[in-house]
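Worksheet for the structure shown next.
Residue numbering restarts at 1 for every chain, and letters A, B, ... go by the order of the sequence lines.
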There are 2 protein chains.
Amino acid sequence: MSTAQQVPARTRLLQAADHILFEDGIRATPVDEILRRARASPATLYSHFGSKDALTAEALRIRFADWRSSWDEQVISANNDTERLLAVFDALAAYREDRQHPSRWCAFLAAATELMPEAGEIRDVLDADTALLRTRLVHLSRPLAADRAQDLAEGVLLAYDGTLTAFLRGHPRSPIEAGRRLALAAVQAYTQS
Amino acid sequence: MSTAQQVPARTRLLQAADHILFEDGIRATPVDEILRRARASPATLYSHFGSKDALTAEALRIRFADWRSSWDEQVISANNDTERLLAVFDALAAYREDRQHPSRWCAFLAAATELMPEAGEIRDVLDADTALLRTRLVHLSRPLAADRAQDLAEGVLLAYDGTLTAFLRGHPRSPIEAGRRLALAAVQAYTQS
DNA sequence: GTCTATAAGCGGATAGAC
DNA sequence: GTCTATCCGCTTATAGAC
């Protein structure tokens, strides 16, 4: 059937971790479950990564890169300033459609609340995510609300975070659409008059 | 100095649990830390509550009742329809000022993501919180946007959840003010025109 | 009788040895 | 890859203080 390693163990571990940790809970998921899914042994995991935390951090870094690309694409294919700003919601929809990265709500925020890292590589990914959102939303807000771009960006970020949290809460039923509508209201408030 | 129990052990345990669990993390906090802070013994905790989960659930129920009262007060003291709808943000500010219930972001949402309860008394508190928010926001939206009250309420809920999540993310700096502004934008979008 | 202090059982999870 | 050591967290048991 398959020789030694069609897919290297390191990759299998990362995929398994990504799949389980952010869907079932980081602390709730024992290493054994990741090992079983990856069909790998503890030795392999610990020689490649050193710890469950380090594996988690690497999985988060991959997510971050993929999420950024997904957002890139949606911004590029948007065709006016408002759509470019709201593209973050389309990116979220596309990212969640993609069954490669399932998650209950948001891997980065889940790591923040479950692990509460004050420093270290996990904290770094969270900060990178926040920094990306902040700078990019401000940048995309500028054409719409020059001097109030900061405020508009903050509004869109809150709408985005509210959308993610809605998945956790289970309400409203269509979080992304609701979030997009809310962000659009912010655009209107900061552009007209 | 102090006789037997100035404050009963059961109360001390609940206060300690409330103080630590939602500030430092539910799963991250060992029972021993609650016991130390409450200056209680394991036997006392387990005779009163039966488990860490049951203690957590009771602490959440108390939070829920206090949060609801806080919101009640702010709605009552508001003096027009818009202020009544946005009172949820004033309630949040007041609740967080009150040092009695410290929390990193939101006790209910933290329980949701850390414990992922599919059923049971913890799930019930989370659902009660969501139901309270949903029904009350719809009710308060009706005077402002009769037929679109549902949509407006959804927007305010997302702004509220975004505000809570902003505490977790550490951005923006003043989440409550930003959330209030965003909710106001939703009000404007659903009332004018 | 209620509570505290101490300690031990027990399962589970991480980590490392072979 | 199997197996094992170690640790940690929840829970229960014991003994004693007020």
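Atom C1' of nucleotide dT11(D) and atom CG of D53(B) are separated by 13 Å, given to the nearest angstrom. Counting to the nearest Å, the C1' atom of dA15(C) and the CG atom of L45(A) are 10 Å from each other. Remark: C1' of dC7(D) and NZ of K52(A) are 15 Å apart, rounded to the nearest angstrom. Distance CG (L35(B)) to C1' (dA7(C)): 14 Å, rounded to an integer number of Å. With rounding to whole Å, F49(B) atom CZ is found 13 Å from dT11(D) atom P. Rounded to a whole Å, the CG atom of L115(A) is 15 Å from the C1' atom of dA13(C). Rounded to a whole Å, the CZ atom of R39(B) is 9 Å from the P atom of dA5(C). Per the geometry, CZ belonging to R36(A) stands 16 Å off C1' belonging to dG1(D), to the nearest Å.
The shortest heavy-atom contact between P143(A) and D81(A) is CB-OD2, 3.4 Å.
Under the 3.5 Å distance criterion, the side-chain polar atoms of R123(B) are left unmatched by any main-chain donor or acceptor of E118(B). For R12(B) (side chain) and A40(B) (main-chain N/O), no donor-acceptor pair under 3.5 Å exists by modelled atom type.
Stacking of R180(B) on the aromatic ring of Y160(B) is not recorded, the 6.0 Å distance cut-off and the 45° axial limit not both being met. Annotation: cation-pi geometry not satisfied between R181(B) and F89(B) (NZ/CZ under 6.0 angstrom from ring centroid, within 45° of ring axis).
Looking at W105(A) and T165(A), their side chains never bring a donor and an acceptor atom within 3.5 Å of each other.
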Distances under 3.5 Å between nitrogen or oxygen atoms of protein and nucleotides 13-15 of chain D:
none

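Here the nucleotide nearest the side chain of S41(A), chosen from dT2(D), dT11(D), dT4(C), is dT2(D).
Residue-level contact check: A40(B) touches the backbone only, with heavy atoms under 4.0 Å from sugar-phosphate atoms and none from bases. Across all strands, S47(B) comes closer than 4.0 Å to no nucleic acid atom at all (heavy-atom distances).
Relative orientation of the Y95(B) and H101(B) rings is parallel, given thresholds of 30° and 60° on the angle between their planes.
Note on residues 165-178 of chain B: pairs passing salt bridge (Lys or Arg N to Asp or Glu O under 4.0 Å), not counting sequence neighbours, are D129(A)-R169(B), D161(A)-R169(B).
Under 4.0 angstrom from either OP1 or OP2 of dC3(C) there lies at least one side-chain N or O belonging to H48(B). Close to dT4(C), at under 4.0 Å from its OP1 or OP2, lies a side-chain N or O of T44(B). For the OP1/OP2 pair of dT11(D) and a distance below 4.0 Å, the side-chain nitrogens and oxygens of Y46(B) include at least one atom meeting the criterion.
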*List the steps and the verdict of salt bridge (charged side-chain N to carboxylate O under 4.0 Å, His left out) for D66(A) and R63(A).*
CA-CA 5 Å; D66(A) 288 354; R63(A) 274 209 178 219; over 6 Å; no
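Of the residues in residues 26-33 of chain B, those with a non-hydrogen atom less than 4.0 angstrom from any atom of DNA chain D are T29(B), P30(B), V31(B).
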